[in-house]
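A note on names: the letters A, B, ... follow the listed sequences, proteins ahead of strands, and every chain is numbered from 1.
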Amino acid sequence: MPDTKPTLMVIDGHSLAFRAFFALPLDNFVNSEGQHTNAIHGFISMLLLILKNERPTHLAVAFDISRFSFRTREFAEYKGTRAETPPEFKGQIPLLEEALQAMGIRTISKEDFEADDILATLAKRGVADGMQVLVVSGDRDTIQLVNGDVTLLYPSARGVSELKRYTPDTVRERYGIEPHQYPEIAALVGETSDNLQGIDKVGEKTAVKWVQQWGTVDEILAHADEIKGVVGNNLREQQDRALRNRRLNRLVDDVELPIGPLDLARQPIDEGKVRELFSQRLQFRTLLDRVLAQEGSGAEGEIAPAANAPKAPAVHTMVDEELATWLERQSGDVAVHLERTGDALAGIGLSTEASSAYVPYQAGTGDYDALVAWLAGDHPKVLHDAKLQRRWLWAAGLELEGVVLDTRIAAWLVAPTALAKTYELDHQVFAILGEAMPKPDPTQLVPDVEPSATATIAWYVSRIAGPLRANLDPGTLGVESDIELPLQPVLTRMENAGVAIDDTVLARIHATMREKADGHARDAFAEIGHEVNLGSPKQLQTVLFDELGMPKTRATKTGYSTDAKSLADLQESSPHAFLGLLLQHREATKLMQIIETLQKGIGPDARIRTTYDQTGSNTGRLSSNDPNLQNIPIRTDVSREIRTAFVHGEGFETLLTADYSQIEMRIMAHLSEDAGLIEAFHSGEDLHRFVGSRVFGVDPADVTPLMRTKVKAMSYGLAYGLSAFGLSKQLRIPQSEAKQLMLEYFSRFGGVRDYLRGVVMQAKDDGYTTTIFGRRRPFPDLHSANRVLRENAERQALNSPIQGSAADIIKRAMLAIDAQMLEEGLRSRMLLQVHDELVFEVAAGELDRMTEIVREGMGGAADLSVPLDVAVGVGPNWDAAGH
DNA sequence: TGTATAACGTA
DNA sequence: CGTACGTTATACAC
């Protein structure tokens with residue numbers, strides 16, 4: 001016979017959320033504001049599963065209001081052994097309650113009572129109202145609630161997603177007693193997690209035996225005289241404990257509540273609120289999907305369009321006059337999105353929030369004059385990843401001007417620390433609008449190209465543009481419009497230009513390195529008597545620590561380090577020819593590998609092209625990839641040879657490199673307004689010599705190389721948050737000496753210390769740091785209770801304005817130089833940016849003028865209280881031009 | 001086939 | 001126990 005009784009489910013929210021908190025990694029669940037969400041995610045995920053399996057008709061989640069209740073008043077140490085609730089957890093509870101409410105689920109709490117008392121009360125009243133009751137709790141005390149109408153679902157040790165069912169039968173089977181007797185046992189045995197001490201030497205077996213014989217603690221104590229031995233003595237002496245425990249673990253089942261079981265009938269979710277909360281604040285993409293699916297408003301596996309989501313305007317496919325008319329009619333921002341088939345431009349989508357147009361593009365097949373002029377004109381346009389799309393347009397011979405917002409850049413500027421994928425359009429659409437963008441059917445091998453798709457994508461761009469822009473503070477808006485957007489065409493010119501490579505140089509070095517590597521490998525194998533894979537840290541560990549019995553090095557996650565520094569240390573402590581051969585082999589193979597990577601990137605025109613990622617860093621720097629040209633070796637003589645392969649192309653006269661000297665120290669001098677450091681940069685004296693003379697109290701001429709090394713390490717380390725410990729390690733000096741050095745340094749350059757401290761304090765207050773030009777970086781972890789996280793955030797926070805301002809400055813320099821080159825119609829080209837360095841290819845006859853433009857552009861990129869020093873070099877290849 | 005780790009190149 | 005990046009090979013899970 002089907003069970004037609006209504007089913008009431010009551011959940012202990014706190015205990016289950018707490019389990020979820022420890023079951024899911026904290027770091028993987030953080031929203032862009034730094035709010036942790038792992039407990040919320042785990043709880044809701046589990047809740048959905050239970051709801052699906054149990055299908056309750058009535059539902060409530062109970063929460064503790066605080067850790068204090070009538071129990072702590074009776075026994076102050078109740079639950080006293082519990083560690084302070086992690087703040088990362090605490091902050092999640094209000095949000096969880098909000099989410100549950102949005103999902104139409106009642107949350108209940110009651111001053112002075114614990115959640116379990118609410119559960120007990122609702123369970124009892126539910127049964128009285130003729131309901132089946134399911135209690136969901138991670139607290140064993142709730143076993144006492146189990147009876148023929150009440151089942152307990154208890155999370156198993158294996159994780160939150162598996163729940164064990166406690167019915168009267170399973171309780172009998174597990175404990176040999178009736179469920180209502182469980183607290184008698186718990187009172188005798190004690191409960192460590194509640195800080196309730198039991199009777200010494202009484203474990204579960206003894207307690208069960210007594211309860212089976214006498215039934216309750218009271219009765220057992222009445223017969224205490226009959227119990228022999230040590231446990232009998234203990235029981236008589238410690239009976240107060242048992243009585244107290246029994247009082248405390250009895251759940252109160254008549255708590256006064258504003259609502260009863262019958263008020264808890266399942267409610268429909270508030271779809272708008274759920275969408276808003278899950279997409280914007282919690283950033284749970286798949287969970288939202290599941291919540292909505294459960295509600296029956298959409299199929300599993302895809303997010304239903306929001307009930308109130310605007311429908312995409314019909315797309316008009318246009319050419320000729322119709323298109324011209326449409327373009328003329330637009331007064332505000334228009335979103336543009338391109339479509340390609342293969343490498344060819346195939347179509348252009350144009351959209352405002354109200355109107356969409358699609359232009360199939362095939363050069364020479366129609367009249368595109370109006371569109372081409374419009375794209376090249378200053379009508380305001382919005383694109384997602386405008387740098388990429390401009391590149392596509394340029395490839396088709398079309399210009400693009402008037403870009404007023406790049407939604408990808410804007411997303412990065414407000415959250416530069418987020419995962420790369422969160423800057424993708426579909427993520428932004430979901431985060432801002434709570435809507436899933438339509439995706440091509442993945443089961444179609446050749447996806448149908450809906451004529452509407454490209455314009456509809458543009459429509460989504462146009463809809464996120466407003467909210468994104470509204471989200472930008474004036475400083476960030478300035479960075480977007482004055483730095484990042486104008487930089488895009490400059491970067492694209494650089495990417496398109498590439499840099500000429502002399503492959504014969506690379507091939508020669510590669511061959512030399514191959515010989516070296518092979519020889520060193522052979523000799524290394526001879527040393528140990530067998531072959532190993534020298535590229536495998538795991539195999540090397542076996543050789544070094546097992547076979548050769550060398551002392552253990554720095555621990556890594558998987559064993560002991562075999563990095564170059566560890567090997568060098570080993571060579572000192574326990575010299576072995578194998579070590580040196582291994583190091584040399586590493587160096588040779590590393591260079592081979594670098595060369596091979598470069599060779600793969602050489603185009604048919606003998607030039608190599610990188611892609612700059614404008615959203616690739618947390619600080620505002622560019623990153624370079626595919627291949628990365630910002631980490632070409634320079635430090636050793638052999639490795640520098642690789643740079644001789646970077647040459648000027650045919651028709652050009654030379655390479656020119658220009659780099660900022662000590663730009664980060666100069667920025668520190670400017671920001672800190674430290675008089676000593678500012679003087680250092682105005683004095684014309686070598687910076688480290690000047691600082692050394694101050695720190696060691698000698699004439700600049702008497703600063704020894706050792707002194708210079710020390711202050712140099714200190715100066716550079718400053719901007720990274722270097723500690724005395726780190727300084728001592730780097731300089732191989734005692735920690736006390738490092739500390740002394742820092743003290744001396746700061747006694748002469750106290751402004752620097754004050755500034756660095758101030759940056760962190762300001763960031764703690766504001767929640768973010770700011771560069772000279774207004775670029776922000778948020779730092780949620782500055783308030784973390786986790787020391788490692790917090791101190792990491794502190795170092796990042798003190799470094800960010802420095803590194804970020806340097807990034808701003810060189811970007812501004814690039815803009816100025818590019819503009820000047822264009823204005824003068826020069827043929828020379830900017831090729832590379834390596835954080836504080838620019839590389840140019842100089843056309844015949846332009847060297848003198850280029851040198852001036854570069855010096856002026858870089859030197860004048862910021863107005864600091866110290867000069868920006870620029871070092872320029874010229875030569876046939878990157879090595880020769882460098883310094 | 002994809003992911004994590006160790007290692008190492010740059011500013 | 002010094003910031004910011006990208007790429008590679010190996011090892012291992014699937």
Side-chain angles (χ1 to χ4, degrees), chain A residues 416-417 420 532-541 553-567 582-583 585-587 589-598 600-601 610-613 615-636 638-640 642-643 659-665 668 713-731 735 738-739 742 756 759 769 777 787-788 790-804 806-807 810 832-838 878 882:
Chain A
T417 312
V532 290
N533 182 345
L534 295 174
S536 164
K538 201 177 169 222
Q539 295 183 33
L540 287 178
Q541 285 174 45
T553 54
R554 175 175 64 84
T556 66
K557 240 174 216 179
T558 54
Y560 299 96
S561 173
T562 65
D563 68 12
K565 190 174 175 310
S566 299
L567 295 178
L582 173 57
L583 280 167
H585 177 265
R586 278 245 180 97
E587 192 182 6
T589 50
K590 180 75 185 171
L591 291 180
M592 282 167 61
Q593 181 229 91
I594 289 171
I595 290 169
E596 287 160 22
T597 308
L598 286 175
K600 275 183 221 142
T610 184
T611 304
Y612 289 102
D613 186 346
T615 63
S617 80
N618 297 335
T619 52
R621 278 188 176 181
L622 298 173
S623 73
S624 152
N625 59 62
D626 209 16
N628 182 356
L629 295 185
Q630 289 180 324
N631 69 342
I632 302 304
I634 190 168
R635 279 173 203 189
T636 67
V638 254
S639 72
R640 249 203 350 257
I642 292 184
R643 291 194 172 213
D659 64 54
Y660 284 117
S661 331
Q662 302 126 352
I663 187 166
E664 297 199 344
M665 281 301 282
M668 262 212 288
M714 171 88 204
S715 288
Y716 277 117
L718 270 181
Y720 300 147
L722 186 69
S723 65
F725 176 89
L727 187 62
S728 78
K729 270 201 113 169
Q730 194 195 324
L731 293 174
Q735 223 173 307
K739 208 165 187 175
M742 291 183 84
L756 293 172
V759 168
T769 57
R777 175 175 173 186
R787 205 181 81 187
V788 176
R790 190 180 59 247
E791 290 180 347
N792 281 340
E794 285 169 0
R795 287 189 297 272
Q796 293 162 351
L798 73 81
N799 171 261
S800 273
I802 300 166
Q803 191 182 119
I810 195 164
L832 298 173
Q833 190 252 44
V834 194
H835 309 309
D836 66 358
E837 173 187 14
L838 297 173
W878 196 1

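Among residues two or more places apart in sequence or in another chain, the side-chain contact (heavy atoms from CB on, under 4.5 Å) test is passed with T558(A) by T556(A). A search for ring pair (Phe, Tyr, Trp, His ring centres under 6.0 Å) contacts involving F725(A) returns nothing, not counting sequence neighbours. Not counting sequence neighbours, K600(A) has no partner by the salt bridge (Lys or Arg N to Asp or Glu O under 4.0 Å) test. Partners of H835(A) according to the side-chain contact (heavy atoms from CB on, under 4.5 Å) rule, which considers only residues two or more places apart in sequence or in another chain, are R621(A), Q630(A), Q833(A).
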Exercise for review: Go through Q796(A) and T417(A) one step at a time and tell me if the side-chain contact (heavy atoms from CB on, under 4.5 Å) criterion holds.
Suggested key: CA-CA 11 Å; Q796(A) 293 162 351; T417(A) 312; over 6 Å; no
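Residue contacts for R621(A): at a heavy-atom cut-off of 4.0 Å it reaches a base atom on one of the strands shown.
Between the CG atom in D563(A) and the OG1 atom in T553(A) there is a gap of 7.5 Å [rounded to 0.5 Å].
For the residue pair D659(A) and S661(A), no side-chain donor N or O sits within less than 3.5 Å of a side-chain acceptor on the partner. Between the side chains of T769(A) and S800(A), no donor N or O sits under 3.5 Å from an acceptor N or O.
Residue-to-nucleotide contacts include no donor-acceptor pair under 3.5 Å from the side chain of Q630(A) to the base of dG6(C).
The CD1 atom of I634(A) sits 16 Å away from the C1' atom of dC8(B) (whole-angstrom rounding).
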Kindly give the atom pairs (protein nitrogen or oxygen, nucleotide nitrogen or oxygen) under 3.5 Å for nucleotides 12-14 of chain C.
from, atom 1, to, atom 2, distance (Å)
dC12(C), OP1, K538(A), NZ, 3.0

Find every protein N or O atom lying less than 3.5 Å from an N or O atom of nucleotides 7-9 of chain C, and list the pairs.
from, atom 1, to, atom 2, distance (Å)
dT7(C), OP1, D626(A), N, 2.6
dT8(C), OP1, T597(A), OG1, 3.1

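Side-chain nitrogen and oxygen atoms of T619(A) include none within less than 4.0 Å of the OP1 or OP2 phosphate oxygen of dT3(C). In this model, the phosphate group of dA7(B) is approached by a side-chain N or O of T562(A) to a distance below 4.0 Å at OP1 or OP2.
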